[in-house]
Amino acid sequence: MNMDPELLEIRRHLSQYPPFDALSDAHLDAIVEQLEVAYHRAGSQILAAGSPITALHYIRSGAVEIYRRSGDLYDRLGEGGTFGHYGLLRGRRIHYPAVALEDTLLYLIPAELFDQLCEEDNDFADFMELGRSRPENVTAAGERSGHLMTTRVRRLVTRPPLIAEAPETARSVAARLADEPLAAVLVVEAQGDDPRYTYADSSGALWQVRGILTDADFRHRIVAQGRSVDTPVGDIVSDPLIAVQSDETVQEALLAMLRHNVHHLAIVHRRRPMGLIRMEDVVRFETQSSLYLIDSIFSQDTVAGLASLLPEIRASAVRMIRNGADSRTIGTALSAIGRSVARRLLEIAETELGPPPVPYAFMAMGSMARDEQTLVTDQDNALVLDNAFDPVRHDAYFLALAERVSDGLDTCGYAHCKGGIMATNAQWRQPLAVWERYFRSWIEAPTPERLLHSNIFFDLDNVHGEERLVETLQDLVATEAGRSKAFLAAMARNALNRTPPIGFFRDFVMEKDGRHNNSINVKRRGTAPLTDLIRIHALACGSRAQNSFERLNDIAETQLLGPGVPEKLRFALETLSLTRLEHQALDIEQERAPDNNIEPENVPDKERTELKEAFRALSHAQKFLRFRYPMPTVRGTRSGRE
C-alpha cells in the first residue's frame, strides 16, 4: 500500500495515543483507509442525546466536552481523546452528548470497523468497554506501556522524517537540518538498485533510502575533512540504511542500534520511511521499564556470560506471570529474549570467523517464530543462504557458524533439538532456491515426513541477517499452501494424531508413562495440537501472520469457521498457554526443573473448569477439521499423489 503523505501523517498521529498505539500495522492501515474527517466550530453540538451514532470520534485537534443526560459535565477531552464508544456499544444511540469547546478537527472511524477492532483486538475492546477516563485504566495502560519487549516502536516516532535527495548539496541540507529537532535527515535517491530499501511514493515513483545523515556527520565528513559545502549529500551518506519496521518492538529497535553502533534509527512501514528515533528516545522509554535484560545480553562477549543470564531471564518471566500478564505478552517477551541471545551468539561467531562469504539469514521456527515461547523450550533453526552459495567454497564457514550458535544456545538453556532441526544439519543449511524446492515439494506431494516438516518450518521468522531471504519463503507459504486442497486435507488428518485429554464422561484422561503418572502434558495434548489446527486454517485463508492469536484474527475475517468459533479457540489458547506458564513458574519458584506436565488434582476448581472447557473447544475444533478439509479425489486417483 502506497499512502500519500497526508494519510501517513494521520496514521502517525493515531499511533501516538491509546488504544491505537497498541494496534497492529494492519489495523492502523484499515483505520486510515476508512476514516472520515469532520470539523466543528467552538460551541457547536457534535453529538445530541438519543441521536443515532455511526462512528467512533477521535480528536485530532481542539477540545470537546462530554455531558451526562442530566446536563452535568461528565468529561473534557483534548487531542488524542475518543468519544462516542458508549453509544456504539449500546444500541447505536448517543448516551452522552458532546459539544466542541474549541474549534475541533475530528477523525470518524466507521461503526463497522469499530466493531471489527473490538472483535479482533482484546486490548482495544477493553479500553472502549471500560472507559478511557477511569483512573484505573490509565494506570493499567501506563504499566503496559513500559514493556520494552511488547511496545511497538512506532510509538516513539513523533514526526515524519526530514528527507533529502542525494544530489542536494550539503549546504542546503545543513540549513534545513538546523531547525530539525532530531538533528538527522534521511537521504534518498531516485530508482536505486536495492529492493530492500526501495519504496514507492504517492505518485508511484520509486525511491531508495540510502542512509541517515546527522549533524555530527556534517562536522566530521565536511568540515573536518575540508570538503566543499556544495558536495552532494549522496557522496557522504553511509550505506546501507539501518532500519526496523514500525510494527517491531522498542526492544528490536534497541537491538538494531546496539548491533550497528548507531544513535539514530529509521522506522519504516513496508520499506517506506515513517520517522527517525534516537538512542535518547529509547533510553527515555526504557527508564519506565523493568525489563532491562536486553542491555545485559548485548553487553556479554562470551557464551558463558550469556548463559549466566538464565536465572535473570527466568526470574523476569516469573514476575510477569505473577503480575498477571497474559500469555501473549509473556510469549512475546520470552521470544524476544531468545532472539536476542541468538543474535548475540551470531555476532560473537562472526567476530571469530570473519564476515560471511555470502549473505545469509538465520531463521527460527516453531514457538520463537510465533512469539509463543515458554520457560521450557528447545531450538529449531536453519540457515537460508544467498543463491550465490557454493558448498565447496562456503559451507565450512556456515557449518562453523551454525555449530557455534547451536552449542551456545544449548549452553544458554535452549536445548539441542532432538529431531536435528538445526542449522548444523546440512539439510537445513541451504541456499534460497533449495529451500523453495523443499517448500513446494512438501505442499505438492505431502508424505508423513513432509507434513512433519511443514508443521515445523511453516512457522518461520528471521532472527539475523538478510530478511528478504526469509520473507520470500513466508510469501511462498502464504500464497501456495492454501491453494492445494490435498495438502490441507493431509495436514488436517495429521493434526488429529494428538488429541485433548478429555474422556467419554468429560473428565481428564491422564498420562500413564510412569515418570509423569496421573498428569497431563499441556503442550503435547493442548497447545501443540491447537497451534497445529490454527496453522491449517491460517494457511487456508492465506494469512501471513505467524503468531497464533494474530492468525485467529485473520481466520475470523473469513467464513472458514462458524460464528463464535474463533473466540472459543482464542479462549482455549489463552487458557492452555497460561496454565502451562503458571505451572512452569511454580516449578522454578520451588526450585524444580520446569516442565509441561500438570496434575489436575492440584489445580483449583475454577481453573479446572476452564481447563476442561479449553480442551473441549479443541476437541470440537478437531472434529470439524476432517469435514472442513476432505481429501479430494480424481476418478479413482487420490489427488494427494499429485
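Atom set for the values below is all heavy atoms of this structure, side chains included, hydrogens, waters and symmetry mates excluded. In what follows, residues are counted from 1 in the order of the sequence shown.
A distance-only check finds a donor-acceptor pair linking the side chain of Gln546 to the backbone of Leu460 [under 3.5 Å]. Ser335 places a side-chain N or O within 3.5 Å of a backbone atom of Gln373 that can act as its donor or acceptor partner. Under the 3.5 Å distance criterion, the side-chain polar atoms of Ser441 are matched with a main-chain donor or acceptor of Tyr438. Between the Ser454 side chain and the Arg450 main chain, a donor and an acceptor come within less than 3.5 Å of each other. For the pair Arg343 (side chain) and Val463 (backbone), a donor-acceptor distance under 3.5 Å is present. Side-chain atoms of His95 come within 3.5 Å of backbone atoms of Arg90 as a donor-acceptor pair (strictly under, hydrogens ignored). Judged by distance alone, with hydrogens and angles left aside, the side-chain atoms of Asp459 form no donor-acceptor pair with the main-chain N or O of Arg370 at under 3.5 Å. No donor-acceptor pair closer than 3.5 Å links the side chain of Arg551 to the backbone N or O of Asn547. In this structure, Arg525 contributes its side chain and Thr499 its backbone to a donor-acceptor pair below 3.5 Å. Formation of a donor-acceptor pair under 3.5 Å by the Thr377 side chain with backbone atoms of Thr374 is not found in this model.
Under the 3.5 Å distance criterion, with hydrogens and angles disregarded, no donor-acceptor pair is assigned to the side chains of Ser406 and Asn381. Judged by distance alone, the side chains of Thr329 and Asp326 do bring a donor and an acceptor atom under 3.5 Å apart. Between the side chains of Asp29 and His269, a donor-acceptor pair is found at a separation under 3.5 Å. Glu550 and Ser24 form no side-chain donor-acceptor contact under 3.5 Å, judged by distance and modelled atom types alone. A donor-acceptor contact under 3.5 angstrom links the side chains of Arg535 and Asn455, judged on distance only. Residues Arg468 and Asn462 have side chains that never bring a donor and an acceptor to within less than 3.5 angstrom of each other.
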Problem - Trace of the side chain to side chain contact (heavy atoms under 4.5 Å, CB included) decision for Asn122 with Arg328 - result: CA-CA 11 Å; Asn122 290 335; Arg328 185 171 179 182; over 6 Å; no
Problem - Step-by-step side chain to side chain donor-acceptor pair (under 3.5 Å) determination, Glu613 to Thr575 - result: CA-CA 9 Å; Glu613 288 299 321; Thr575 299; over 6 Å; no
Practice task
Could you walk me through whether Asp115 and Arg92 pass salt bridge (Lys or Arg N to Asp or Glu O under 4.0 Å), step by step?
Solution key: CA-CA 11 Å; Asp115 292 340; Arg92 296 288 204 262; 2.5 Å; yes
Problem - side chain to side chain contact (heavy atoms under 4.5 Å, CB included) between Met368 and Asp461, worked out - result: CA-CA 8 Å; Met368 183 182 289; Asp461 189 32; over 6 Å; no
Practice task
Just do the side chain to side chain contact (heavy atoms under 4.5 Å, CB included) check on Asp25 and Arg11 with the steps written out, would you?
Solution key: CA-CA 9 Å; Asp25 277 347; Arg11 189 182 188 282; 2.9 Å; yes
Handout entry: Residues Glu582, Leu578; criterion side chain to side chain contact (heavy atoms under 4.5 Å, CB included); working and verdict
Key = CA-CA 6 Å; Glu582 289 173 343; Leu578 203 53; 3.9 Å; yes
Problem - Test salt bridge (Lys or Arg N to Asp or Glu O under 4.0 Å) applied to Arg339 and Asp371, step by step - result: CA-CA 10 Å; Arg339 279 192 289 268; Asp371 280 340; 2.8 Å; yes
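Expressed to the nearest 0.5 Å, how far CD of Glu112 lies from CG of Leu117 amounts to 11.5 Å. One finds the CZ atom of Phe127 at 12.0 Å from the CG atom of Asp121 (value rounded to the nearest 0.5 Å). The CZ atom of Phe458 sits 5.5 Å away from atom CZ of Phe439, with the distance rounded to the nearest 0.5 Å. Atom CG of Leu576 and atom CD1 of Ile520 lie 10.0 Å apart (nearest 0.5 Å). Within the model, atoms CG of Asp587 and CG of Leu375 stand 9.5 Å from one another, a figure rounded to the nearest 0.5 Å. For the atom pair CG (Asp407) and SG (Cys412), the distance works out to 11.0 Å, reported to the nearest 0.5 Å.
Considering only heavy atoms from C-beta on, Ser543 stays 4.5 Å or farther from Ile555 through its side chain. Side-chain atoms of Arg544 and Thr479, non-hydrogen and from C-beta on, do get closer than 4.5 Å to each other. Residues Pro594 and Arg314 form a side-chain contact, since some pair of their non-hydrogen atoms from C-beta on lies under 4.5 Å apart. When side chains are defined from C-beta on, Glu574 counts as touching Phe549, because their heavy atoms get closer than 4.5 Å. Put simply, the side chain of Glu436 reaches to within 4.5 Å of the side chain of Leu476, judged on heavy atoms. In this structure, the side chains of Leu14 and Leu35 come closer than 4.5 Å at one or more pairs of heavy atoms. Looking only at side-chain heavy atoms (C-beta outward), Asn597 and Asn521 come within less than 4.5 Å of each other. Residues Val153 and Gln245 fail the side-chain proximity criterion, which asks for heavy atoms closer than 4.5 Å.
Using bins of under 30°, 30° to 60° and over 60° for the plane-to-plane angle, the ring pair Tyr58/Phe20 lands in the perpendicular bin. Aromatic ring pairs are classed by plane angle as parallel below 30°, tilted from 30° to 60° and perpendicular above 60°; the pair Phe124 and Phe114 is perpendicular.
Summarising the local packing, CD of Gln590 is surrounded by more than 12 heavy atoms from other residues, nucleotides or ligands at distances under 6.0 Å.
Shown here for Ala492 and Leu625, the closest heavy-atom pair between the two residues is O-CD1, 4.0 Å. Smallest separation of non-hydrogen atoms from Ala572 and Leu530: C-CD2, 3.9 Å. The two residues Lys568 and Ala617 have their closest heavy-atom pair at O-CB, 4.1 Å. Shown here for Val477 and Leu539, the closest heavy-atom pair between the two residues is CG1-CD2, 3.4 Å. Taking each heavy atom of His85 and Met128 in turn, the nearest pair found is CD2-O, 3.2 Å. Between Leu345 and Leu409 the shortest heavy-atom distance is CD1-N, 3.5 Å.
For the side chain to side chain donor-acceptor pair (under 3.5 Å) condition, the pairs that include at least one residue of residues 419-432, sequence neighbours left out, are Asp395-Arg429. Within the structure, no pair that satisfies the ring pair (Phe, Tyr, Trp, His ring centres under 6.0 Å) test touches residues 563-601, not counting sequence neighbours.
Here the options are Ser327, Ser577, Ser548, the test is side-chain hydrogen bond (donor to acceptor under 3.5 Å, both in side chains), and the partner is Glu372; only Ser548 passes.
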